[in-house]
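So the structure is just underneath, and the comments pick up after that.
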Amino acid sequence: MTRLSEYLLPTEKQAPADAEAISHKLMVRAGLIRQIGAGMWSWLPAGWRVHQKAVQIIREEMDAIGGQELLMPVLQPAELWRKSGRYGIEELFKLQDRKGSDLVLAMTHEEAVTTHVAQTVRSYRDLPLILYHFQVKERDEPRPRAGVLRTREFIMKDAYTFDRDAEGLDERYQLHVEAYDRIMERTGLRWYRVEADVGMMGGIGAHEYMAPCPAGENEVALAPGYAASVEVACADPQPVELPHAPSAPKEVSTPGITTVAEVAGALGVPEGALLKAYPVVLEGDGRMVLVLVRGDHRVNEIKLAGVLGESSRPAHPQEIATRLGPPGFVGPVGLDGRVEILLDQAALPPGASDPPSEGGHSGERGYVTGANRPDAHLLGVVPGRDFPFRAVDVRTVCAGDTVGGHPLTIEPAIEVGNIFKLGTRYSVPLGATYLDESGREQPIWMGCYGIGPARIAAAAVEQYADERGISWPRALAPFAVHLVTVGKPGDPARAAAEELYETLRAGGVEVLYDDRDAGPGEKFADAELLGCPLRLTVGKRTIESGEIEVQVRRERRDAAPIPLAGEPAELIQALEQLCQTLP
RNA sequence: CGGGGAGUGGCGCAGUCUGGUAGCGCACCCGGCUGGGGGCCGGGCGGUCGCAGGUUCAAAUCCUGUCUCCCCGACCA
């Protein structure tokens, strides 16, 4: 299939100086990818083979659930995007043709596919449909990074489903869950399907497929039986020791001390014994809301948006000063209903899920909060007793929090795929409707399902690389077998290697043959850098022993040697059996 | 968009402060040795120093402008 002496595989000893991520360094070093600009990458022959391996797995599983592959253009009229309301998106590349007509480079294909369905689907009898394609996406990313992990142009498989109602969408969605699970399983990646943010569109459902790896841009919260994006994860907080509260809040002087760490240090309490005040202003009506979380917790903007039902922004210092108190000393006590107070449930008084009606009692424990006057904090503030609140879940979970009693870990991960129930978000503006049995026009219910072969490849590099290079899962490897011949040209071993190469080729084995006139060290180093699952070595020893040495790339483990003189069919079979045992 | 860093041969870098006509390692080409872990010897090719303007007898080096790339953060339909 491929002789290295004739193959474009420009390996490098040194990684590009500006590379940071493992996959960035190794994929460049191994000669898989080359950069042409910020977020613009070419796939060299061996790299493209990996990409196509991922593509083929995806294609097979999409076809298995009845997906129909098609192809839609990247270059599209701006008009479509105006109709869908997405023309204003900053990441959208906009351009004009010579006549001055506005065009865009598509970042996904909802507009295009919905337009076609609107043109062609008339009746409930035409539904459901699963349409998908592999196509380049163009996004004007604010910051491309980490090689092929985040680029401005990349190939994505995006699928779209069309159903007559929400129940049909649920079915189509479930099919995709199953297909995506199988895809991820087949790639050999370590992966999680996590609940994801459903955004402002009403929470009808979304999952992300995450591959944990050091260069990941997202975080997943994991516990036995639980996996969620940190953006939406919920967990039981770790307990915090609160000081006993006096019968009423007591003011203490804290001149110039504003940060949680400083206040906790100065007062000798844990950070979790503070209530952090986070005033926000709603984008809609400009109303201010005071959000309180424990001092050792962080407000989660996405969960907050879900609770508020709209997006908000942190209040400006001026707004805080005018409506609450001096920034840095803001607290919930004595606001007299000026703003609504949301208390994160992790800060609820023990045993209380609702605010007590009246008064307080001794033996309670209290928090430290700002006093709403300069250089002062309050001790012994008891939620409910000292201020009214609404209990909500708006904090970001921490490692060590528990779910079902199991402690949570948080890992960086790369999002390789996502599935999302769109509902009628696009069908309505783009006029994708059908006639039901009673002849009534109905909007089509849609779902969209994306997955990135490039990220699958990069995540595999990240997850399985060692100090010597890449170690591909067999499903993604550019070649199953890396055949290395050692010894000078003209040695009998060379002839044996040539013969073996032809045998493997004829037997349909994907083999890369290092027939270069180079030293053994260089060849072995390149083989380990490229990371094919099996390395066969043919040299003097092979001739002497009559056995082909076999090394498994993962763990660099020696496998049972294969007789050189065996029947070709047996040799192929032995190799294939060995492959089946590999990760 | 904010902060930081960098553009000198294919890759990695020195030289810039203190101006004097470009160097090192690897790779590459030729010859020889070696041949189971990036080996050795000898000989070579290759760069208008990101670009434009300016200062100067003279600019990789000083000044002005500009482009590009990377990292951190913000952002991420």
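Below, chain A is the first sequence line, B the second, and so on; all start at residue 1.
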Any side-chain N or O of A:Arg145 below 4.0 angstrom from OP1/OP2 of B:C70?
no
Work out how far the C1' atom of B:G43 is from that of B:C62, and round it to whole angstrom.
40 Å
When we call it a touch if two heavy atoms are under 4.0 Å apart, what does A:Arg535 touch: a base, just sugar-phosphate, or nothing?
base
Between A:Asp393 and A:Lys303, does any side-chain N to carboxylate O distance fall below 4.0 Å?
yes
Counting only side-chain nitrogens and oxygens, does A:Gln35 get under 4.0 Å of the OP1 or OP2 atom of B:C70?
yes
What is the base-pairing partner of B:C1, counting Watson-Crick and G-U wobble geometry with both distances under 3.5 Å?
B:G73
Is there a Watson-Crick or G-U wobble partner for B:G23 with both distances under 3.5 Å, and if so, which one is it?
B:C13
Paired with B:C62: which nucleotide, if any, by Watson-Crick or G-U wobble criteria at under 3.5 Å for both distances?
B:G54
For B:C33, what is the paired nucleotide under Watson-Crick or G-U wobble rules, both distances under 3.5 Å?
B:G39
Is there a residue in residues 541-549 of chain A whose heavy atoms reach under 4.0 Å of RNA chain B, and which residues are they?
A:Arg541, A:Thr542, A:Glu549
Atom CD1 of residue position A:Ile36 - does it have more than 12 heavy atoms of other residues, nucleotides or ligands inside 6.0 Å?
no
Report the C-alpha separation of A:Tyr464 and A:Arg553 in whole Å, then their side-chain angles, then the decisive distance to 0.1 Å, and conclude whether the side chain to side chain donor-acceptor pair (under 3.5 Å) test is met.
CA-CA 10 Å; A:Tyr464 299 116; A:Arg553 175 62 182 85; over 6 Å; no
Partner nucleotide of B:C28 by Watson-Crick or wobble geometry (both distances under 3.5 Å):
B:G44
For the side chain of A:Glu12, starting at C-beta, report the closest nucleotide among B:C11, B:C70, B:G37.
B:C11
